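Bear in mind that the values here come from a model prediction, so they are computed numbers and not experimental data. Lettering of chains follows the sequences in order, A, B, ..., and the numbering in each one begins at 1.
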Protein chains: 2
Amino acid sequence: MEQYEPNDLLIFARVAEAGSFSRAAERLGLPKSTVSRRISVLEDRLGERLMLRTTRRLALTEFGNQLLEHARQVAAEVDAVKALSEYRRAQPSGRLRVSMPSDFATLLLTDMLAAFVALHPAVSLELDLSPRRVDLIGENFDLVVRMGDLPDDAMLAARRIAVFPSGLYAAPGYLAEHGNPVAPDDLHQHDALLLLGRNSEAVGWTLLCGEQRWEGLPPARASANSPELLISLARAGAGIAAVPDYFAAPNVRRGELVRVLPDWRTPSHTAWLVFPGRRLMPAKTRAFINMVETAFTNVDG
Amino acid sequence: MEQYEPNDLLIFARVAEAGSFSRAAERLGLPKSTVSRRISVLEDRLGERLMLRTTRRLALTEFGNQLLEHARQVAAEVDAVKALSEYRRAQPSGRLRVSMPSDFATLLLTDMLAAFVALHPAVSLELDLSPRRVDLIGENFDLVVRMGDLPDDAMLAARRIAVFPSGLYAAPGYLAEHGNPVAPDDLHQHDALLLLGRNSEAVGWTLLCGEQRWEGLPPARASANSPELLISLARAGAGIAAVPDYFAAPNVRRGELVRVLPDWRTPSHTAWLVFPGRRLMPAKTRAFINMVETAFTNVDG
DNA sequence: TCATATTGTTCCATTTGCAGAACAATGTTA
DNA sequence: TAACATTGTTCTGCAAATGGAACAATATGA
């Protein structure tokens, strides 16, 4: 430790306050022998006596009085920290920064988010719905929802919150220009919008239809690392994308996307809730995770 | 220790300030392993993480930021204590409360006291010259000059500063009324002013004249526990007192006292410098003691 | 005045916490 | 891209701090 241990300053403050080693020891939950020794050590380090102790009375030295001013402040800060910690333990509080795809928020979590805000008035929720892939630690996010791949970062933990059935989608304009595939092999003549995997490598397509299985890597017109971006690209007519049905649905309804090879489906996409470590989680984070999970177990078991 | 160790708050503050465990460890003079462990312990005690640490970057949690406010304050107090202590070590300073017989101050120490005040401008000297026997600890005295007996108190330490030859003295008026003794045995017909010893028991007289020795306990007209009081009583004509020649001298010069049995002397009186403990002495006290001792070695080596 | 209760200090077996090195993770540079 | 440098964490023998009991000192009360 440095030279003057604040621990001993705390003990000194408590002793001065209690006016007795024994009472201070009792309040501190320490044996009086330790209190006595710590004060002695402190005095040795400071090079001067702090209190003159008869077995009956305790008198502060002039220097002791000077020091007490500082020691009191240390004790006050310790009390403040204790209060702060207990408050935090009791109820979720503070800023909670969450990033998720905007589709995810609007389509799936609006009710849950509203309920969360209502239930935890001490939490101020900050939602980031930008499509970019945020830096969880660097930008101080508590939680991030990721689709598709989960980052293999030792500092991060993740929890699977939902699995979405997926299929191929494209814009009507694109299909009008390039033709509408009728069998998987037709895809080789099409522009594919591919999802980038963990190592920024394009992942090929796997198509399933009952027991049938087709695999291939069509020419990539563009690639991105999140399904949401693929949907945007497909809507703009850039090609065919394999994305979750649930997220394509609103676009289909608006006529901006149509299903390609409707008999075939692509492997399901997984949504992950990513957060930094799992060693000690703030109450606010724990509360949010729980609420997200119950929201999904209620929806699709 | 209590629950939240201020030591760990200090370490936390240093880490946050340095922005790195290694640098903080270096500044604290601790191995980085200790810094790492202490932060972990603190987080466990608080039940929440304070900082998210990549090997390259360090990001404070929202809670960490809240806590930092308090931790900084602790660190500031520690710095203040360090500065205070170093200032104290360097030069004597603060109040120095000293009690001594007024005769002692005026007859023997005026020059020395003036020199002390001049040499140590940061010390404010408070002299108590009251004849009463002060309570060293209870009244917050740093030093007390005592004549005759030294208190046998385990909490106190004492140093012998001077030995004063003594004899019998009385007021001319008293001798005119009761007669002037010519031999020691005549004293049994006189009123004696006796010095009270350690246990408030009157101490008998011992007279010396060359090789001759006389002992006796004349009837006590009054008794006191300090030679100064005996002088006052003798001057008032209350009887004969055995007191230091040096302190009787001014009264003799003024004709208020005369030597009784001038061939005989009484055992020397000793002056003691009493102070609380000797374990850790304030610089101001040490400086005063040194100056008193040199003053006396220069006078009567 | 003597017994009692309470205080601060000292002692020593036990345990805690430390220091240093090895390790794992992650940027950096050639 | 591969060797390197630097960071935070983990491990382990060992030293230092702890805490309960015995002790010494001192008010208090009968």
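- Across the interface with DNA chain C, nearest-nucleotide mapping of A/Ser20 and B/Ser33 shows A/Ser20 to be the residue nearer the 5′ end.
- For B/Arg53 and D/dT7, the shortest distance from a side-chain N or O to OP1 or OP2 is not below 4.0 Å.
- When the C1' atom of C/dG17 is taken as reference, atom CD of B/Glu5 falls 11 Å away, rounded to whole Å.
- Straight-line distance from the CZ atom of B/Arg57 to the C1' atom of D/dT6: 16 Å, rounded to whole Å.
- The side chain of A/Ser36 lies closest to C/dT10, out of D/dT7, C/dT10, C/dG20.
- Of the residues listed (B/His70, B/Glu77, B/Glu69), the one engaging B/Gln73 in a side chain to side chain donor-acceptor pair (under 3.5 Å) is B/Glu77, and it is the only one.
- Of the candidate nucleotides D/dT18, C/dG8, D/dT9, D/dT18 has the atom nearest to the side chain of A/Arg37.
- The distance between atom CG of A/Asp135 and atom P of C/dG27, rounded to the nearest whole Å, is 10 Å.
- In this structure, A/Leu68 CG and A/Arg72 CZ are separated by 4.5 Å, a value rounded to the nearest 0.5 Å.
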Is there a salt bridge (Lys or Arg N to Asp or Glu O under 4.0 Å) between B/Arg45 and B/Glu5? Walk through the geometry before answering.
CA-CA 9 Å; B/Arg45 297 229 171 107; B/Glu5 306 207 2; 3.6 Å; yes

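- The existence of a salt bridge linking A/Glu26 and A/Lys32 is excluded, since no basic side-chain nitrogen approaches an acidic carboxylate oxygen closer than 4.0 Å.
- Between the P atom of D/dA17 and the CG atom of A/Asp8 lies a distance of 10 Å, rounded to the nearest Å.
- Contact between the side-chain N/O atoms of B/Thr34 and the OP1/OP2 oxygens of C/dA19 is found at a separation under 4.0 Å.
- Whole-Å rounding puts the B/Leu52 CG to D/dG8 P distance at 13 Å.
- Rounded to a whole Å, the CG atom of B/Asn7 is 12 Å from the C1' atom of C/dG17.
- Considering only side-chain N and O atoms, B/Arg23 lies nowhere under 4.0 angstrom from the phosphate OP1 or OP2 of D/dT6.
- Protein atom CZ of A/Arg38 is 18 Å distant from nucleotide atom P of C/dG8, rounded to whole Å.
- Distance from the side chain of B/Ser22 is smallest for D/dT7 among the nucleotides D/dT9, D/dT7, C/dT9.
- With contacts defined as side-chain heavy-atom distances shorter than 4.5 Å, the pair B/Trp272/B/Met147 does not qualify.
- In this structure, B/Leu30 atom CG and C/dC18 atom C1' are separated by 10 Å, rounded to whole Å.
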